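Model, not experiment: these values are computed from the prediction. Count residues from 1 along the sequence.
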Amino acid sequence: MKISFLRDETVSVDDITFVVIVSRYKDKWVVVRHRERSTWEVPGGHREDHEDPQKAAERELYEETGAEEFKVFPVGAYSVKKGDKTTFGKLFFAEIKTLGDLPNFEIAEIKLVDNVIKKELTYPAIQPVLIQKVKAFLGNC
C-alpha cells in the first residue's frame, strides 16, 4: 500500500471518494469507534454524489462526533494505492469548539486522547500517516 499527498489541482473533485478529518477538542485528539468495530478511527467517511469535499467533511464531523461549533481547514488531497486500485481522499483538520450529543448514526462513542495509538486504529497503515501530515500542517500555520 502506498499513500501519496497530492496538489489539490491535480485531483478532480469527482475522484475524491473519502474525507478524513483529524480533529482536536480542548487540546485532545478526537477518535471515534464505529458500532460494528472494537477499534478506533479518525472521523471521516464517504463523500456523497455532487457533495463538495468541504461540506462532506463538515457533515461527517457532525455525524461522527456531535461537533456543533467548529472550524474545518483543508490540508490536502491524497491517494491510496493498493495493488492495481487507487482511491482518492481529501484530508482536513478541525478545531472543535463545542461538542453536543452524539447523533444516532454509525458511531458508538468518541474518545479524547493525548496521543493516537497506532495499534488501536481500524486503519493502522493509513491513519497514522494522515495524522502526521496534519501535525506537519499545524506546525506550518
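- No more than 12 heavy atoms of other residues, nucleotides or ligands lie within 6.0 Å of NZ in Lys55, so this atom counts as exposed by the packing criterion.
- At least one donor-acceptor pair under 3.5 Å links the side chain of Thr98 to the backbone N or O of Glu69.
- The backbone N or O of Val42 sits less than 3.5 Å from a side-chain atom of Gln127, completing a donor-acceptor pair.
- Interatomic distance, Phe105 CZ to Glu63 CD, rounded to the nearest 0.5 Å: 4.5 Å.
- Annotation: side chain of Val31 is in contact with side chain of Val116 (closest heavy-atom distance under 4.5 Å).
- Ala125 approaches Ile3 most closely through the heavy-atom pair O-CD1, 3.4 Å.
- In this structure the side chain of Ile96 never reaches within 4.5 angstrom of the side chain of Glu68, judged on heavy atoms.
- With Ser79 contributing its side chain and Thr87 its backbone, the two residues share no donor-acceptor pair below 3.5 Å.
- The closest donor-acceptor contact from the side chain of Arg47 to the backbone of Glu51 lies under 3.5 Å.
- A continuous path of Ile, Leu, Val, Met, Phe, Trp and Tyr side chains, each step under 4.5 Å between heavy atoms, connects Leu91 with Val129, placing both in one hydrophobic cluster.
- Both Val113 and Ile126 are assigned to one and the same hydrophobic cluster, defined by single-linkage of ILVMFWY side chains at heavy-atom distances under 4.5 Å.
- Salt-bridge annotation for Glu106 and Arg35: absent, with no side-chain N of the basic residue lying under 4.0 Å from a carboxylate O of the acidic one.
- The number of heavy atoms from other shown groups lying within 6.0 Å of CZ (Arg7) does not exceed 12.
- In the hydrophobic cluster analysis, where Ile, Leu, Val, Met, Phe, Trp and Tyr join through side-chain heavy atoms closer than 4.5 angstrom, Ile110 is grouped together with Leu61.
- Looking only at side-chain heavy atoms (C-beta outward), Glu41 and Val32 come within less than 4.5 Å of each other.
- Ring-plane geometry between Phe93 and Phe73 is classed as parallel, the angle between the planes falling under 30 degrees on a 0 to 90 degree scale with a further cut at 60.
- Rounding to the nearest 0.5 Å gives a distance of 13.5 Å between OG1 of Thr17 and NZ of Lys90.
- By the neighbour-count criterion of 12 heavy atoms within 6.0 Å, atom NZ of Lys135 is densely surrounded, having more than that number from other residues, nucleotides or ligands.
- Considering only heavy atoms from C-beta on, Pro53 comes within 4.5 Å of Val13 through its side chain.
- Taking every heavy atom of both residues into account, Leu102 and Gly66 meet most closely at CD1-N, 4.2 Å.
- Shown here for Lys28 and Leu112, the closest heavy-atom pair between the two residues is CB-CB, 3.7 Å.
- Note that Lys133 lies in the cation-pi zone of Phe5, set by a 6.0 Å cut-off to the ring centre and a 45° limit from the axis.
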After noting the C-alpha distance and the side-chain angles of His34 and Trp40, does the key distance pass the side-chain contact (heavy atoms from CB on, under 4.5 Å) rule?
-> CA-CA 7 Å; His34 191 280; Trp40 296 90; over 6 Å; no

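- Salt-bridge check for Glu120 with Lys111: passed, with a basic side-chain N closer than 4.0 Å to an acidic carboxylate O.
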What's the verdict on side-chain contact (heavy atoms from CB on, under 4.5 Å) for Lys97 and Phe70, showing C-alpha distance, side-chain angles and the deciding distance?
-> CA-CA 5 Å; Lys97 302 248 189 260; Phe70 52 84; 5.8 Å; no

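- Heavy atoms only, all atoms of each residue included: Arg59 and His46 are closest at NH2-O, 3.1 Å.
- Enclosure of atom CD in Glu9 by more than 12 non-hydrogen atoms of other residues, nucleotides or ligands within 6.0 angstrom is indicated.
- A distance of 7.5 Å separates CZ of Arg37 from CD1 of Ile107, quoted to the nearest 0.5 Å.
- Placement of Trp29 and Val20 within a single hydrophobic cluster is found when ILVMFWY residues are connected by side-chain heavy-atom separations under 4.5 Å, directly or transitively.
- With contacts defined as side-chain heavy-atom distances shorter than 4.5 Å, the pair Leu121/Thr39 does not qualify.
- For the pair Pro43 and Glu64, the tightest heavy-atom approach, listed with the atom from each and the gap, is CA-OE1, 3.3 Å.
- Judged by distance alone, with hydrogens and angles left aside, the side-chain atoms of Glu60 form no donor-acceptor pair with the main-chain N or O of Val19 at under 3.5 Å.
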Taking it one step at a time, do Arg24 and Glu95 satisfy salt bridge (Lys or Arg N to Asp or Glu O under 4.0 Å)?
-> CA-CA 5 Å; Arg24 280 194 313 213; Glu95 191 69 57; 2.9 Å; yes

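- Heavy-atom neighbours of Tyr25 OH from other residues, nucleotides or ligands within 6.0 Å: above the threshold of 12.
- At least one side-chain heavy atom of Pro74 sits less than 4.5 Å from a side-chain heavy atom of Gln54.
- Side-chain contact between Ser23 and Thr65 is absent, with no heavy-atom pair separated by less than 4.5 Å.
- Note that CZ of Phe88 and NZ of Lys81 are 9.5 Å apart. Values are rounded to the nearest 0.5 Å.
- Proximity of a side-chain donor or acceptor of Thr10 to a complementary backbone N or O of Asp8 within less than 3.5 Å is not detected.
- In the hydrophobic clustering of ILVMFWY residues, with side-chain heavy atoms under 4.5 Å counting as a link, Phe18 and Ile21 come out apart.
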